[in-house]
Amino acid sequence: MNTSPQLSPHFSLREFTASATADRLNIDNSLPATLQDNATHTCEQLEKIRAILGNNPLIITSGWRTPALNKVVGGSASSDHATARAVDIRCPKFGTARTIARTLAASDIEFDQLILESPTLPSAWVHIGFRKGANRRQVLTKFAGDKTYYAGLK
Ligand SMILES: [Zn+2]
């Protein structure tokens, strides 16, 4: 039975904080109460994304990261994951990460950064972050093994 509280109709706190890396390294990745509002807002945006992607199940491959976890996964110190304002998602029933990125970039959804990550790998994913009231709607591409963020979808 899933007893994890819901952050929004389709997204639970467990999905938002789950991390195989944190489990393996015994890092406590629980969400601080001070970030609950950010997490809820992020999941409300995910509901809109889920609808845009044909109501197909969205897989959160990384949501909240405690600073210790963010460091071991190589996330930037200013990562929006560390403030519960960003998620990495896949939606295999809808399409590839590139198709998802293109669809969201063309939609009217308000986001801060949309990043097509590692598009040449089978594990490609989409990073999307939300800064309520300050969304820049930046669209970027980042390739595996390359630290550069390229403007647009490459
Ligand atoms: Zn990310």
Side-chain angles (χ1 to χ4, degrees), residues 7-8 10-25 27-32 34-50 52-53 56-107 109-132 134-154:
L7 291 170
S8 70
H10 294 100
F11 301 99
S12 67
L13 180 62
R14 186 186 311 246
E15 289 174 276
F16 193 73
T17 59
S19 164
T21 306
D23 290 347
R24 186 164 48 81
L25 299 176
I27 294 170
D28 177 4
N29 199 46
S30 7
L31 183 74
T34 49
L35 293 177
Q36 177 81 30
D37 286 356
N38 282 2
T40 302
H41 178 73
T42 298
C43 289
E44 283 165 355
Q45 306 315 301
L46 286 182
E47 294 291 342
K48 295 179 195 167
I49 289 175
R50 192 177 185 281
I52 291 167
L53 301 180
N56 288 300
L58 274 191
I59 299 164
I60 301 177
T61 58
S62 181
W64 153 251
R65 293 179 196 155
T66 198
L69 174 63
N70 192 53
K71 202 170 173 186
V72 294
V73 300
S76 98
S78 61
S79 168
D80 283 345
H81 286 279
T83 53
R85 293 184 298 178
V87 283
D88 295 340
I89 54 170
R90 305 186 72 206
C91 186
K93 288 243 161 76
F94 181 80
T96 63
R98 181 177 298 282
T99 306
I100 293 164
R102 197 186 294 129
T103 303
L104 296 178
S107 76
I109 188 132
E110 285 282 325
F111 55 80
D112 186 56
Q113 286 187 321
L114 170 72
I115 310 173
L116 174 59
E117 302 253 17
S118 303
T120 59
L121 300 183
S123 60
W125 71 94
V126 172
H127 166 105
I128 191 160
F130 309 96
R131 295 186 176 186
K132 210 171 172 179
N135 285 311
R136 293 171 291 175
R137 239 181 172 277
Q138 275 186 355
V139 178
L140 305 164
T141 301
K142 183 174 181 304
F143 295 94
D146 181 343
K147 286 187 189 309
T148 309
Y149 288 84
Y150 298 94
L153 297 178
K154 302 294 170 200

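Sequence positions, counted from 1, serve as the residue numbers for this chain. Numbering of ligands and ligand atoms starts at 1, following listing order.
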(request) Mind jotting down which residue pairs meet the salt bridge (Lys or Arg N to Asp or Glu O under 4.0 Å) criterion with at least one end in residues 75-95? Sequence neighbours excluded, please. (result) Arg65-Asp88, Asp80-Arg85, Asp80-Arg131

(message) Under 3.5 Å, is there a donor on one side chain and an acceptor on the other for Ser79 and Ser76?
(response) no

(message) Going by ring-ring contact (aromatic ring centres under 6.0 Å, His included), name the residues that satisfy it together with Phe143, two or more places apart in sequence or in a different chain.
(response) Tyr150

(message) Taking salt bridge (Lys or Arg N to Asp or Glu O under 4.0 Å) as the cut-off, I'd like each qualifying pair that reaches into residues 135-154, sequence neighbours left out, listed once.
(response) Asp112-Arg136

(request) Just do the side-chain contact (heavy atoms from CB on, under 4.5 Å) check on Glu15 and His10 with the steps written out, would you? (result) CA-CA 10 Å; Glu15 289 174 276; His10 294 100; over 6 Å; no

(request) Please check if the side chain of Trp125 supplies one atom and the backbone of Ala97 the other of a donor-acceptor pair under 3.5 Å. (result) no

(request) Everything protein-side that's N, O or S and under 2.8 Å from the Zn ion (ligand 1): list it, residue and atom. (result) His81 NE2, Asp88 OD1, His127 ND1

